[in-house]
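Note that these values count all heavy atoms, side chains included, but never hydrogens, waters or copies made by symmetry. We name chains A, B, ... by the order of the sequence lines, and we start the count at 1 in each one.
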Number of protein chains: 2
Amino acid sequence: METRELRYFVAVAEELHFGRAAERLGIAQPPLSRTISQLEQRLGVALFNRTSRKVTLTAAGSGLLAEGRAILGALTAAERRARHATMDQPTLVLSLKTGTSGELLAKLLDAYAAEPDAVAIELLFCESQPDRPLHDGRADVALLHQPFDTTDGFDIEVLSTEGQIAILPSSHPLATRPHVLMAEVKSLPQLPPARWPGPDGTYPEGPGAEIHNQMQLLQLIELGRTSVVLPESCRTNLREGLTGVPVKDAPTVTTVIAWPPHSRSRALADLVRVATRL
Amino acid sequence: METRELRYFVAVAEELHFGRAAERLGIAQPPLSRTISQLEQRLGVALFNRTSRKVTLTAAGSGLLAEGRAILGALTAAERRARHATMDQPTLVLSLKTGTSGELLAKLLDAYAAEPDAVAIELLFCESQPDRPLHDGRADVALLHQPFDTTDGFDIEVLSTEGQIAILPSSHPLATRPHVLMAEVKSLPQLPPARWPGPDGTYPEGPGAEIHNQMQLLQLIELGRTSVVLPESCRTNLREGLTGVPVKDAPTVTTVIAWPPHSRSRALADLVRVATRL
DNA sequence: CCCGATCGATACCATCAGGGTATCGATACT
DNA sequence: AGTATCGATACCCTGATGGTATCGATCGGG
């Protein structure tokens, strides 16, 4: 199967409408229809059920959609990494969530810098979903936090495990407690969870304020507008007006270093080795 | 990048000779040369260094080779799984090493069969490298054993952990010991390790006999020609004339269930859930 | 050192695949 | 019943792909 056919298939599968898919691909609808038919014939598999007015995915089509997206993504990532590899100065791009423990990060960067063959580390901060740059090739490696970030498809090593704290306005009654339970902080009536944008930029439904970054989040908490449960290490990010209270029954957060499974980068192998020895 | 270009690139990268690569691809050398040049121009990246008599990979080319192989493999696997998904009777193909603990397998299959939406499980026995069918799409899921089998690129859940035993001819002096050390069984002069074929069918160098399957291995041990260190659960496979002796300092073997990270199969999710509850 | 063999690159040519427009039959809605 | 919309099919044109011919560069043998 050629990449062009896979792109056509994924577009139709996502739109479930040949006309919109054709427009998205920048071609006319008839060649798209023909290409999909030829693909189905060559595979010997029906990927879509369709009448003249309705298109749905078959089971085979559903499975291929997930794998097709991953493959196209991997191809884009591979092209990006190939381009990046030609740079005179080899670097590693490390993707991480804004607010990730400065202490862990500093230790990692210092320890790696002490390696004889260390290359420059370029930090790529993400306000959310730090795994995405790993998927699309903009990053070589990422610090991720389970269970929040998906590590599907990547190789990982565990770096640390920690509890979670509820970050509350210092004026809130719960802020004086030695610890709280998840049920107590999960749905505070006056402190609804803030909302992050999805990959397509739209926000999920909810009463909480829309935010773009960690700074906005902390500011809103300070203003008594929201609260959040974060890993213990985020305590270093707290400032006046904010209080962190341990959440006894919150799941532990595991910080892992993740990388694409087929990487052959020596520099990356060194970084992973150093990271697991911290 | 089209699949055709990636296939051309991988062929040249593996052969480091345009003529041989062209022959392998079934095309003439000039269009191959031109296609690679055009690819490099479009990517803005040199993938090969070449004189008129020598071809080597650049750093970018080396990185792309590993990722390119994985992508082409994933594409082949995706096509296969799409074809398999059209079967009237949905099944899951489970890849596993011949000799995998019958006890664990039976428990898994029984527990899964009790699930309301269980589908038929088709067992795909491998004499070695049970991860390969997962890579190439012939299997949906696999039982693998770390550290012997690579789980790179797959999602996994741990099922069990066990020690290892040295399987020796019962007549061997070490067979009467309560336990042995790795150094004692790793290089027995009269019992050199048997040799498995590689993916391309050729055997690595070594004094041990060439074997194709587990039965041959056990038979050779019984004949006093070799020995092997295997997980504790293989004890059930021992028959008269063979003795299993615990190897105190052997690394533990972790049995995991592995699957492709982008699978959306409901049946597979059920199997994994059942497996982790054994 | 020279010659021949081999290799990758370039030029040119023929064929066919891919994308276009036109139009069809089927379906859903008014 | 009529109209609008959708996916499929037919036909056509252009450019991409793979062919052969041939070049310059490089390596090895005499």
Side-chain angles (χ1 to χ4, degrees), chain A residues 1-62 64-65 68 72 75 79 82 86, chain B residues 1-62 64-65 68 72 75 79 82 86:
Chain A
M1 193 192 319
E2 289 297 321
T3 305
R4 177 183 67 85
E5 297 171 309
L6 190 55
R7 284 190 295 104
Y8 286 12
F9 163 73
V10 166
V12 176
E14 289 179 353
E15 301 282 350
L16 294 181
H17 189 285
F18 278 74
R20 289 201 299 270
E23 193 167 346
R24 175 169 137 180
L25 292 161
I27 68 170
Q29 176 266 324
L32 176 59
S33 174
R34 193 181 55 210
T35 297
I36 296 299
S37 289
Q38 288 169 337
L39 176 61
E40 285 176 316
Q41 277 190 330
R42 237 184 316 105
L43 287 180
V45 171
L47 300 172
F48 298 100
N49 293 318
R50 44 201 187 279
T51 67
S52 55
R53 291 301 296 266
K54 199 159 80 176
V55 178
T56 58
L57 276 163
T58 61
S62 291
L64 185 60
L65 174 57
L72 292 175
L75 201 52
E79 292 185 14
T86 67
Chain B
M1 194 191 321
E2 289 298 323
T3 305
R4 178 183 66 89
E5 296 170 308
L6 190 55
R7 283 191 297 106
Y8 286 13
F9 163 73
V10 166
V12 176
E14 288 179 352
E15 300 283 351
L16 294 180
H17 188 285
F18 279 75
R20 289 200 300 269
E23 193 169 344
R24 174 169 137 182
L25 293 162
I27 67 170
Q29 176 265 325
L32 177 58
S33 176
R34 194 182 57 211
T35 297
I36 295 297
S37 288
Q38 286 169 338
L39 176 62
E40 284 177 316
Q41 278 190 329
R42 238 186 313 106
L43 287 180
V45 170
L47 300 172
F48 299 100
N49 291 317
R50 43 200 186 281
T51 66
S52 56
R53 291 299 296 266
K54 200 159 81 176
V55 177
T56 59
L57 277 162
T58 62
S62 292
L64 186 60
L65 174 56
L72 291 175
L75 204 51
E79 291 185 15
T86 67

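For the pair A:Q38 CD and C:dC16 P, the interatomic distance rounds to 15 Å; values are reported in whole Å. Per the geometry, CG belonging to A:L32 stands 10 Å off P belonging to C:dG20, to the nearest Å. Note: CD (B:Q29) to C1' (D:dG24) measures 13 Å, nearest angstrom.
The A:F18 side chain lies nearest to D:dG7 when the options are C:dA5, C:dA22, D:dG7. Among the nucleotides C:dG19, C:dT21, D:dG18, the one closest to the side chain of A:R34 is C:dG19. Comparing D:dG18, C:dT21, C:dA9 by their nearest atom to the side chain of A:P31 picks out C:dT21.
From one end of the helix from C:dC1-D:dG30 to C:dT30-D:dA1 to the other, with five pairs defining each end axis, the axis direction shifts by 30° (rounded to 10°).
Using a distance-only test at 3.5 Å, with no hydrogens or angles considered, a donor-acceptor pair links the side chain of B:E79 to the main chain of A:M1.
For A:R4, no side-chain nitrogen or oxygen approaches OP1 or OP2 of C:dA17 to under 4.0 Å. For the pair B:S33 and C:dG8, the criterion of a side-chain N or O lying under 4.0 Å from OP1 or OP2 is not met. At the phosphate of C:dA9, OP1 or OP2 sits under 4.0 Å from a side-chain N or O atom of B:R50.
A cation-pi arrangement is present between A:R4 and A:Y8 under the rule of less than 6.0 angstrom and at most 45 degrees off the ring axis.
Within 4.0 Å of B:Y8, counting heavy atoms only, lie sugar-phosphate atoms of the nucleic acid but no base atom.
Side-chain atoms of B:R53 and base atoms of C:dG8 include no donor and acceptor less than 3.5 Å apart.
The stretch residues 8-22 of chain B participates, sequence neighbours left out, in these salt bridge (Lys or Arg N to Asp or Glu O under 4.0 Å) pairs: B:E14-B:R24, B:E14-B:R69, B:E15-B:R20, B:E15-B:R24.
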